[in-house]
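Data first, discussion second: the structure below is written as structure tokens.
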Amino acid sequence: MDGKNACWVPGTDHASIATESKVVAKLKAQGIRKEDIGREEFLKHAWEWKEEHGGIILQQLKKLGCSCDWDRTRFTMEPALSEAVINTFVYFYKKGWIYKGVRMVNWDPEALTAVSDDEVIHKDTKSHFYHLKYFISDGNGKPTDKYLVIATTRPETIMADAAICVNPKDERHFWLKGKKVLIPLINREIPVIEDDYVEMDFGTGCLKVTPAHDVHDYEIGLRHNLPVLEIIDDHGKLNEKAQILVGEDRFVARKKIVKMLEESGNLVKTEEYISPVGYSERTDAVIEPKLSAQWFLKMEKLAATALETVESGRTNFIPEKYVNTYRHWMENARDWCISRQLWWGQRIPAYYLPDGSYVVEATPEEALKAAQAKNPALTMADLKQDEDVLDTWFSSWLWPISVFDPEKPGHPDHKPNKDLAYYYPTNDLVTGPDIIFFWVARMIMAGEEFMGKEPFSNVYFTGIVRDKIGRKMSKTLGNSPNPLDLIDNYGADAVRIGMLLCSSAGNDIFYDEAQIKQGAAFCNKIWNSYRLVKGFQVADIPQAPAAKLAIEWFAAKLSETITQVEDHYSKFRISDALMAIYKLFWDDYCSWYLEAIKPAYGQPVDPETYKVTLSYFEALLKLIHPVMPFITEELWQDIAERREGETIMYAASPKPQAYNPTVLENFNLVAEAVNGVRSVRNQKNIAPKENLHLVIKESSFPNVSLIEKMAGVNVEMLPEFGDAQAVGFMVRTHEMFVKMDGLVNVEEEIEKAEKDLEHQQKFLQGVRAKLSNERFVANAPAAVIENERKKEADALSKIESLEAKIKSLKKTN
RNA sequence: GGGCGGUUAGCUCAGUUGGUUCAGAGCAUCUGCCUUACAAGCAGAGGGUCGACGGUUCGAAUCCGCCACCGCCCACCA
């Protein structure tokens, strides 16, 4: 409507973890395990699932009337986009930023699979804190009589210990420096090391470091180059490397080893202890931290660039507060683990050779070529592709590029196609704050890396919709309304405007059906106002003076509001913009304007008024159309004869016209007078039909006919203020009187004005004090000083007019 | 435990550099109206010591300090 090429690309990602677990569950219900049918067969089921469910969200968007570029609909696993993903993997690998490393995963020993962090439930669990003696070695693997004590909840892992760690600042343990100690029962010698990670006041201040079976220990191990010894197998049983208790389940082993330690004299004491333990959401088995080989992407340079993009303001966050969150993440970004032990996704293009080495190439053919460069005898049959797939975010981070030109990323020399060149960088991303790191940050990284430019100028973070009492929508709670049902009940426009009116950026939305009802009521209001307007009979009669004034006023009001709305939109203050239009339509247009121009029952309106009234209505329709597309299109088509294919969607949005602000000021006086009369009617319980007289001072008061029409009064004009008393009146404000007996007295008005005056004088004093402060004048920016001077002048004129008012009121009294 | 944000009317939220018109909006509530577009409506009204305490200032919802409570993200201490 502003004549711009607005492109909204719809699409979906393949949600590898969620989708795979759904498909696995579905197959399981049929008694099928994915391992039994194999990767290819499994993927067929996954695609079926995708076809069935992937379209739902797009259907909802359509039903909501979202005007996406549907022809451009994309899916992250469609061939072209998958190719882009593979190319970028190869690109980063050859750049040296992708490497194979080890990482702790949450291993479910019952399901025999790694589970994601989200699928781990931490429950406070009663356990024991075992204090164990580790004897100092004499240097030849023999214990001395000196020892240290460590506290552990997992004594069954001591055979995997790689070191004992103390805090370097801990004076109690200075004597241990450089010493070696012996693991109880198996007498293996391990060093004592120092690391800040150890808390001095927790436990005994000595920590046993077991890199293979604890996340933190693994990291300490990396820092100190400790060997990693894995003694627990996939089923949660001790293996041969444990030397003792081989084949025992970890919990059985724990009980047994405690007894053995007690017998050997290594157990100092046992404490009751409650600690959070991770359980598998699916099997309720205790999660075992397990090391596994994973692929990583180095974050250092990508994160630094992405941070700069936002800090420099090339990409703005709305609301701004999320920049802090973003910075915190970017400054502490750890390398991105991009491999997933799943089948649904882009398979990692690493091909293993029989000798255990591997090559990374985009296609098997290229891989074979690369492999043959190492060993010419190799054939395709010798290559074994990596079993894992890539993290879904590793494909969706390319979205702003790949939806336009999938060939671009990963081919830095490739020229962007026409679409990409035109649309990139894009303007606005709208998304939830919960994926700032997963998606937003990574799109910025990919954009900077592959395009050398930020992918979007603005990121608008919506709130998350919660229920009335603040809980997240969830299926198990059953507190999530089906949007399609709401649309059926109230209409899409009602749902849209109802939700948006109470959504400010970054604030969660507490869903309440009352909001949708408000939206529905607004739809009705629009509809009914159109019925009135369209039902007018037009006759060639002169224009009523009240109508003329109302037309002039609404033109100004419309322009004023459009200016405000444009300002709100430019600052992404959506709910403010919509509220301004809502009030313009309901309060100004329906309640004031239409009432002012409405002819008496059975009477026609003049052609000019009718024409203008319709044009105002059309302007309002266009203003609200982006959020209420259906009702506005329907009415717009009916206002006038439209050509085939003509649509409000392409109608030019209304622009503000120059107007005289006096018109608005005059109208405010009218409104004040009318409201005064109405208030009196209400307080005194006077029927609308009963005639009243409003007495006003100035014979030149401009909008008398409008006051008469809106308030249902006869206006009498008095040449002089002082005469008013003779009539019997009440003072409202602004030199207007409602002809009623003894409602408000002049004394009160005087008192109020005097209080105002006092306040103004005090204010003036303050401003002058500031202006006479040399330091302020010397340091403050010119604009600020200017502003202060303006305040001073304003206050002076206010004081002047208040003094005049008081004088006048006193005379009246 | 670490980081970030919040606390303004019954509810959801505005409140731009401290200052006048700053204590506001919508919804809800109450009162009166079946007035010929609309009772899913019209008109009017009430309602807040701006979380607590202290400080800076002529002046604080706004700036500073501390506390309380709430929310989100990260970690889930051997």
Side-chain angles (χ1 to χ4, degrees), chain A residues 117 120 122 124 129 150-154 157 165 197-199 202-210 214-217 220 273 275-278 319 321-329 332 433-434 436-437 464 466 468 470 494 498 501-504 506-510 512 514-515 517-518 520-536 571 573 575-576 578-580 582-583 590-591 594-595 598 600-602 674-675 678-683 685-689 712 756 759-760 762-770 780-781 783-784 787-788 791 794-795 798-799:
Chain A
D117 290 347
V120 177
H122 292 273
D124 279 342
F129 217 16
I150 59 102
T152 180
T153 53
R154 301 203 61 187
T157 64
C165 189
Y197 169 77
V198 180
E199 300 278 336
F202 190 86
T204 62
C206 295
L207 168 72
K208 74 184 202 62
V209 183
T210 319
D214 183 279
V215 182
H216 296 108
D217 291 11
I220 296 173
Y273 186 64
S275 65
V277 172
K321 64 180 177 184
Y322 288 114
V323 173
N324 286 333
T325 313
Y326 181 81
R327 183 184 308 112
H328 187 247
W329 270 331
N332 299 291
D434 47 340
I436 290 182
F437 181 63
I464 293 164
R466 297 169 176 278
K468 227 193 247 184
L501 272 175
C502 60
S503 314
S504 49
N507 286 328
D508 285 356
I509 300 151
F510 294 86
D512 186 343
Q515 292 155 7
K517 286 183 178 158
Q518 187 186 352
F522 187 44
C523 290
N524 272 331
K525 190 68 187 176
I526 294 173
W527 188 263
N528 285 320
S529 63
Y530 184 68
R531 278 182 53 205
L532 173 69
V533 172
K534 199 63 188 179
F536 282 151
K571 293 169 181 156
R573 304 170 65 119
S575 59
D576 288 337
L578 298 185
M579 184 49 71
Y582 177 90
K583 286 201 272 195
C590 292
S591 298
L594 286 182
E595 292 299 332
K598 190 162 93 178
Y601 180 64
V674 173
N675 287 337
R678 283 172 175 172
S679 175
V680 169
R681 279 191 198 279
N682 244 286
Q683 283 175 36
N685 208 4
I686 302 165
K689 282 166 196 153
D756 269 7
H759 177 87
Q760 287 295 338
K762 200 182 160 207
F763 173 67
L764 179 67
Q765 217 177 350
V767 172
R768 282 186 167 159
K770 201 173 198 174
V784 172
N787 198 22
E788 290 299 313
K791 283 181 193 168
D794 284 356
K798 239 159 208 147
I799 286 169

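Side chains are part of it too, since the values below use all heavy atoms of this structure and drop only hydrogens, waters and symmetry mates. To find a chain, count down the sequence lines: A is the first, B the second, and so on, and within it residues start at 1.
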Between P on B/C73 and NE2 on A/H328, what's the gap in Å once rounded to a whole number? 15 Å
Between atom CG in A/D214 and atom P in B/A75, what is the gap in whole Å? 14 Å
Tell me the interatomic distance from A/K598, atom NZ, to B/C38, atom C1', rounded to whole angstroms. 9 Å
Between A/K583 and B/A25, does any side-chain N or O lie under 4.0 Å from OP1 or OP2? no
Dump the pairs, protein N or O against N or O of nucleotides 4-7 of chain B, anything under 3.5 Å, distances to one decimal.
from	atom 1	to	atom 2	distance (Å)
B/C4	O3'	A/N324	ND2	3.3
B/G5	OP1	A/N324	ND2	2.9
B/G5	O2'	A/K321	NZ	3.4

Look at the side chain of A/N528 against the base of B/A37 and say whether a donor-acceptor pair falls under 3.5 Å; ignore hydrogens and angles. no
I need the CZ-P distance between A/R531 and B/C38, as an integer number of Å. 6 Å
Does the B/A43 base have a donor-acceptor partner in the side chain of A/E595 within less than 3.5 Å? no
If a stem is a run of at least 3 consecutive Watson-Crick or G-U pairs, both distances under 3.5 Å, which stems include RNA chain B? B:1-7 with B:68-74, B:10-13 with B:24-27, B:29-33 with B:41-45, B:53-55 with B:63-65
Spacing of A/R768 atom CZ relative to B/U20 atom P, expressed in whole Å: 18 Å
Quick one: label A/R573 by what it contacts on the DNA or RNA (base, sugar-phosphate, nothing), any heavy atom closer than 4.0 Å. sugar-phosphate
Would you mind telling me which of B/A45, B/C77, B/G3 lies closest to the side-chain atoms of A/S679? B/A45
d(CZ, A/R678; P, B/U35) in whole Å: 16 Å
